[in-house]
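All remarks here apply to the structure that follows.
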Amino acid sequence: MDKKKRTAIVSAVAALIVAIGAYWYVNYQIPHNEAVETFNTAADGLQSRNDDLDAAIKELQELNKSKDKPYDSSTSDSATNAVAQAQAAKEDIPAMPGNTDEINAMAKKIDKMGKYDSVIADLSTAKSNLQDSIDQLKQVTNPSEQFILQRLTGIANITALEAVSEGNDPNNKLGKQGGYTACVYFNSDLVDPSDVYLSGDYTPVVDGGCDAGGAVEVYANAKDAKKRDEYLSSFDGNSILDPGSHKVVGTCVVRTSCHLAASQQNNMTSNIEQALIRLDK
């Protein structure tokens with residue numbers, strides 16, 4: 001074979017190889033590269049959504065594990081459940097397939113993954129409820145006398161208020177170790193004053209004690225409040241020394257008159273509790 005013919009054959013073969021390579025690159029490599037890029041973009045999007053979910057989970061977990069406790073323990077339980085549900089809803093990025101068509105199909109699937117709007121909204125709600133409950137407990141932990149007076153004002157069926165002083169404290173407990181740091185008595189129009197006061201002069205309020213309506217006793221800590229509540233419980237059902245109803249709210253003991261019907265006691269206690277834990281935002 002002469003040189004010219006051999007050169008022509010070599011050139012033809014080379015051209016064929018280049019043509020095959022170009023065809024492969026255009027029809028296979030470029031689409032594959034584009035598929036990989038599409039997959040990576042979709043994966044980055046899912047990773048970003050996962051990062052947002054992880055951040056919301058972490059915020060709620062940190063609040064739930066903080067030293068600050070909630071007034072309503074169920075808000076902590078709800079936070080724990082919300083975190084568990086969010087963790088279960090999290091979708092990991094799948095491995096990239098090898099086939100171009102499969103890569104494109106997986107990219108489309110990833111685009112539909114990690115739709116966490118409702119999950120993150122639930123985490124936000126749980127966090128808000130937990131934070132509110134924490135703030136409520138702080139609010140009813142050794143609150144001031146002025147706070148109690150302000151919150152009792154305007155409650156249905158409470159007609160008069162008076163805070164005790166060292167000079168008129170009927171229990172002689174104000175400011176003493178284990179005693180209350182403040183105590184506010186109130187009269188109620190649901191109680192006939194003639195059943196309580198010894199004279200026709202139905203003032204001062206403190207003179208009527210809890211019998212004339214009730215009281216809110218404030219303690220420095222929950223331990224002292226619970227101890228007081230337990231002491232009052234020892235007289236429950238005693239026809240002579242009936243202490244009326246009593247409930248611990250934070251470090252306060254909310255008391256209502258023994259002259260009230262059970263439904264009236266429950267209703268008034270609930271109204272007082274809600275007034276004390278109300279958050280004015």
Side-chain angles (χ1 to χ4, degrees), residues 32-144 147 150-151 221-223 225-226 247-252 254 270-281:
H32 183 81
N33 290 345
E34 291 175 345
V36 169
E37 183 177 352
T38 300
F39 179 94
N40 288 334
T41 298
D44 288 344
L46 178 55
Q47 183 61 56
S48 178
R49 295 191 291 277
N50 282 345
D51 289 343
D52 290 341
L53 179 64
D54 287 339
I57 289 173
K58 183 179 179 181
E59 287 181 3
L60 183 52
Q61 285 178 318
E62 289 179 346
L63 180 62
N64 204 17
K65 293 178 180 178
S66 70
K67 61 183 178 68
D68 296 324
K69 303 304 177 185
Y71 178 74
D72 181 357
S73 62
S74 70
T75 59
S76 179
D77 296 336
S78 295
T80 299
N81 290 335
V83 167
Q85 290 173 6
Q87 290 172 331
K90 184 178 177 181
E91 298 183 280
D92 295 327
I93 299 171
M96 184 188 297
N99 179 275
T100 299
D101 290 339
E102 291 177 351
I103 293 174
N104 282 322
M106 184 60 72
K108 291 180 180 179
K109 180 179 179 180
I110 292 174
D111 281 335
K112 298 178 181 180
M113 295 170 63
K115 303 303 183 182
Y116 303 130
D117 287 351
S118 63
V119 178
I120 291 177
D122 289 343
L123 290 169
S124 179
T125 297
K127 180 184 175 186
S128 177
N129 291 340
L130 179 57
Q131 184 62 66
D132 283 351
S133 192
I134 288 172
D135 292 341
Q136 287 174 327
L137 182 57
K138 290 180 179 179
Q139 188 163 278
V140 290
T141 298
N142 197 18
S144 67
F147 174 83
Q150 185 266 323
R151 290 304 173 99
N221 53 66
K223 180 180 178 180
K226 290 177 182 177
K247 179 180 181 179
V248 175
V249 176
T251 69
C252 304
V254 176
S270 177
N271 288 342
I272 293 173
E273 179 182 12
Q274 292 307 309
L276 294 178
I277 66 174
R278 185 186 71 244
L279 298 176
D280 294 337
K281 296 182 179 182

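In this view, Ala86 and Leu53, Ile57, Val119, Leu123 satisfy the side-chain contact (heavy atoms from CB on, under 4.5 Å) rule, not counting sequence neighbours. Scanning for side chain to side chain donor-acceptor pair (under 3.5 Å) contacts around Glu59 gives Lys127, with sequence neighbours left out. Every residue was checked against the side chain to side chain donor-acceptor pair (under 3.5 Å) condition with Gln150, not counting sequence neighbours, and none meets it. Shown here are the side-chain contact (heavy atoms from CB on, under 4.5 Å) partners of Asn99, two or more places apart in sequence or in another chain: Asp101, Glu102. Listed by chain and number, the residues in a side chain to side chain donor-acceptor pair (under 3.5 Å) with Lys58 amount to none (sequence neighbours excluded). Annotation: salt bridge (Lys or Arg N to Asp or Glu O under 4.0 Å) contacts of Arg151 (sequence neighbours excluded): Asp280. Every salt bridge (Lys or Arg N to Asp or Glu O under 4.0 Å) that Asp132 has, sequence neighbours left out, goes to Lys281. Under the side-chain contact (heavy atoms from CB on, under 4.5 Å) criterion, Ser144 pairs with Gln146, Phe147, sequence neighbours left out. Under the side chain to side chain donor-acceptor pair (under 3.5 Å) criterion, Asp51 pairs with Gln47, sequence neighbours left out.
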Could you go through Thr251 and Asn221, starting from their C-alpha distance and side-chain angles, then the distance that decides it, and tell me whether this counts as side chain to side chain donor-acceptor pair (under 3.5 Å)?
CA-CA 5 Å; Thr251 69; Asn221 53 66; over 6 Å; no

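Among all heavy-atom pairs drawn from Ile103 and Pro97, the shortest one is CG1-O, 3.3 Å. Residues Ala126 and Ala82 approach most closely at CB-CB, 4.0 Å, considering heavy atoms. Nearest heavy-atom pair across Ala79 and Asn64 is CB-ND2, 3.8 Å. In plain terms, the two heavy atoms of Asp72 and Ser74 that are nearest each other are OD1-OG, 2.8 Å.
Taking OG of Ser133 as the start and CG of Asp68 as the end, the distance is 11.0 Å to the nearest 0.5 Å. Remark: Thr38 OG1 to Asn40 CG distance equals 9.0 Å, nearest 0.5 Å. Between Ile93 atom CD1 and Leu46 atom CG the span is 5.0 Å, to the nearest 0.5 Å. Atom-to-atom distance recorded for Thr80:OG1 and Leu60:CG is 8.0 Å, nearest 0.5 angstrom.
Using a 4.5 Å heavy-atom threshold, the side chains of Glu34 and Thr100 count as separate.
Side-chain atoms of Ser128 never come within 3.5 Å of backbone atoms of Ser124 as a donor-acceptor pair (strictly under, hydrogens ignored). Put simply, the side chain of Ser48 never gets that close to the backbone of Asp44: no donor and acceptor are under 3.5 Å apart. Under the 3.5 Å distance criterion, the side-chain polar atoms of Thr41 are matched with a main-chain donor or acceptor of Glu37.
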Counting only pairs under 3.5 Å, give me each side-chain donor-acceptor contact of residues 134-143, with atom names and distances, residues two or more places apart or in other chains.
| unit_1 | atom_1 | unit_2 | atom_2 | d |
| --- | --- | --- | --- | --- |
| Asp135 | OD1 | Gln131 | NE2 | 3.1 |
| Gln136 | NE2 | Ile277 | O | 3.2 |
| Gln139 | NE2 | Leu276 | O | 2.8 |
| Gln139 | NE2 | Arg278 | O | 2.7 |
| Thr141 | OG1 | Leu137 | O | 2.5 |
| Asn142 | OD1 | Thr181 | OG1 | 2.7 |

Please list every donor-acceptor pair under 3.5 Å in which a side-chain atom of residues 104-117 meets a protein atom from a residue at least two apart or in another chain.
| unit_1 | atom_1 | unit_2 | atom_2 | d |
| --- | --- | --- | --- | --- |
| Lys115 | NZ | Asp111 | O | 3.1 |
| Tyr116 | OH | Asn50 | OD1 | 2.6 |
| Tyr116 | OH | Glu91 | N | 2.8 |

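Sorted by first then second residue, the salt bridge (charged side-chain N to carboxylate O under 4.0 Å, His left out) pairs that include residues 80-90, not counting sequence neighbours, are Asp54-Lys90.
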